[in-house]
Number of protein chains: 2
Amino acid sequence: METHNLETRKKELIEKIGVFYEKWGMQPVPARIIGLLLVTDKPYLTFDEITTELSVSKSAVSIAVNLLLNTEQIEYITLPGDRKRYFKSRITNWKDMVGSVLDFAKSYSSLFNEILEIRSDKDSEVNRSLNEIILFIEYIEEALPHLISNWEESKG
Amino acid sequence: METHNLETRKKELIEKIGVFYEKWGMQPVPARIIGLLLVTDKPYLTFDEITTELSVSKSAVSIAVNLLLNTEQIEYITLPGDRKRYFKSRITNWKDMVGSVLDFAKSYSSLFNEILEIRSDKDSEVNRSLNEIILFIEYIEEALPHLISNWEESKG
DNA sequence: TTTTTAGTTTATAAAATTATGAACTAAGTT
DNA sequence: AACTTAGTTCATAATTTTATAAACTAAAAA
């Protein structure tokens, strides 16, 4: 199989994407795999292509790929009579991401509820703010589906 | 000054808050300071109260407190004729946080624009998704101020 | 002027994370 | 049956992060 190397500019962008995701707590190798799968023009990359394009050990790729599969950030297909897995980014399922932002907001909300319960100074500034945030998150939770469907409509 | 120790349940909640923030990439000590300032009933805590409540060294508190001040997550007041700083959580300014969520979305958007520019396969699935995400973020950016003002109204 | 207070800075130690190579597995090929 | 492929697992090494103690600073108090 012809192994066509990515050019320097693409490699640089992969590093940049890597740093971007690292800042949000992702590990270096998974972050660069995400970048690689977004930058490459090939619809799918194999395990081996990932190791060679990123110059990273098989073990690192193995661990990273499984992490990204578990967190549903990448997926793979297989071809009949071919043991290799063909990986691609799951960015096409980006609407799920919006849902996970909401899940994040809700986990915040339930933590804040716990804080409210333990505080005895019931009418402090902090209590008022925590209450407001909890209510605002509920409001967003309700409004978001409408927002999305409005957007879907607006773009036809 | 009377030093009233926090009870076990509050200490446990501070650890839980700490772990919550750590999962989002925050360092342990800053994460626990955020928790402490949310859980305590005192309106303000001094540097020294933070070190003793969290059983953490002065240097760790010094570094953490400055990090949290720089990222505008806490603030402090001073009292006349008193060299101590009195720290509190900036959670009361939570509406600014909503703005920073948007900033985050915009930084995502500009990264995705860079990816689009470098890709040659202009009508792939990935290109369509990246484009959609960029447009959706623009839409949210426009819609959010209205959403907030509607909420402000609805709660009177 | 000396001491105390309220921190900051720095060198170092301890712990956790990350990456690697080598050995291994399990399926498919020759 | 031996070999190759497509990975996985594990022990170890390298790097980074985090925390500490101790020395330091700058202002205020005694």
Side-chain angles (χ1 to χ4, degrees), chain A residues 1 3 14-15 17-37 44-71 73-88, chain B residues 1-3 14-15 17-37 42 44-71 73-88:
Chain A
M1 191 200 234
T3 299
I14 291 168
E15 288 307 311
I17 296 167
V19 170
F20 183 88
Y21 279 90
E22 274 185 64
K23 277 198 278 197
W24 293 92
M26 185 172 282
Q27 294 161 19
V29 177
R32 273 147 195 83
I33 291 177
I34 287 183
L36 174 60
L37 293 177
Y44 297 95
L45 290 182
T46 64
F47 190 100
D48 205 54
E49 287 172 318
I50 294 171
T51 67
T52 58
E53 289 294 358
L54 297 181
S55 318
V56 125
S57 70
K58 284 205 302 173
S59 37
V61 171
S62 174
I63 288 160
V65 143
N66 288 321
L67 175 87
L68 293 173
L69 287 171
N70 284 329
T71 53
Q73 299 183 81
I74 65 173
E75 61 187 330
Y76 66 88
I77 57 160
T78 50
L79 300 177
D82 184 348
R83 214 144 39 97
K84 285 202 272 300
R85 292 178 294 175
Y86 292 82
F87 297 99
K88 67 165 196 154
Chain B
M1 195 202 232
E2 176 234 9
T3 300
I14 290 168
E15 288 307 310
I17 297 166
V19 170
F20 183 88
Y21 279 90
E22 273 184 65
K23 275 198 279 196
W24 293 92
M26 186 173 282
Q27 295 161 19
V29 177
R32 272 146 197 85
I33 292 177
I34 287 182
L36 174 59
L37 293 177
K42 294 187 185 170
Y44 297 94
L45 290 182
T46 65
F47 190 100
D48 204 54
E49 286 172 318
I50 295 171
T51 67
T52 58
E53 290 295 358
L54 297 181
S55 317
V56 125
S57 70
K58 285 205 300 173
S59 36
V61 171
S62 175
I63 289 161
V65 143
N66 287 321
L67 175 87
L68 294 173
L69 286 171
N70 285 328
T71 53
Q73 299 184 80
I74 66 171
E75 62 187 329
Y76 66 88
I77 57 159
T78 50
L79 300 177
D82 184 348
R83 213 144 40 98
K84 284 202 274 299
R85 291 179 294 177
Y86 292 83
F87 296 98
K88 67 165 197 154

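Atom set for the values below is all heavy atoms of this structure, side chains included, hydrogens, waters and symmetry mates excluded. Each chain gets a letter, A, B and so on, in the order its sequence line appears, and its residues count up from 1.
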Please tabulate the protein-to-nucleotide N/O contacts below 3.5 Å involving nucleotides 16-20 of chain C, giving atom names and distances.
unit_1 : atom_1 : unit_2 : atom_2 : d
C:dT18 : OP2    : A:Q27  : NE2    : 3.2
C:dT20 : OP2    : A:S57  : N      : 2.9
C:dT20 : OP2    : A:S57  : OG     : 3.0

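Using a cut-off of 4.0 Å between Lys/Arg side-chain N and Asp/Glu carboxylate O, B:R32 and B:E22 are scored as salt-bridged.
Considering all non-hydrogen atoms of both residues, B:L69 and B:I74 come closest at CD2-O, 3.6 Å. The minimum heavy-atom distance linking B:I17 with B:G35 is given by the pair CG2-CA, 3.6 Å.
Of the residues near DNA chain C, B:F87 and A:G81, the one whose nearest nucleotide (by heavy atom distance) lies more toward the 5' end is B:F87.
Here the side chains of A:I34 and A:Q73 are in contact, with some heavy-atom distance below 4.5 Å. Under the 4.5 Å side-chain criterion, counting only non-hydrogen atoms from C-beta, B:L54 is not in contact with B:E49. The shortest distance between side-chain heavy atoms of A:F47 and A:F87 falls below 4.5 Å. Proximity of A:I63 to A:L67: side-chain heavy atoms (C-beta onward) are nowhere separated by under 4.5 Å.
Nucleotide C:dT5 holds its P atom 18 Å from the CG atom of B:L79, rounded to whole Å. Rounded to whole Å, atom P of C:dG7 lies 9 Å from atom OH of B:Y86. B:L45 has its CG atom 12 Å from the P atom of C:dG7, to the nearest Å. Rounded to an integer number of Å, the gap from CG of A:D82 to P of C:dG28 is 12 Å.
Scanning DNA chain D 5' to 3' for nucleotides with an atom closer than 4.0 angstrom to a non-hydrogen atom of chain A gives a first and last hit of D:dT5 to D:dC10.
Backbone-only contact: A:N66 has heavy atoms under 4.0 Å from sugar-phosphate atoms and none from a base.
Ring centroid separation for the pair B:Y86 and B:Y76 does not come in under the 6.0 Å cut-off.
Between A:R83 and the phosphate of C:dT25, there is no side-chain N or O to OP1/OP2 separation shorter than 4.0 Å.
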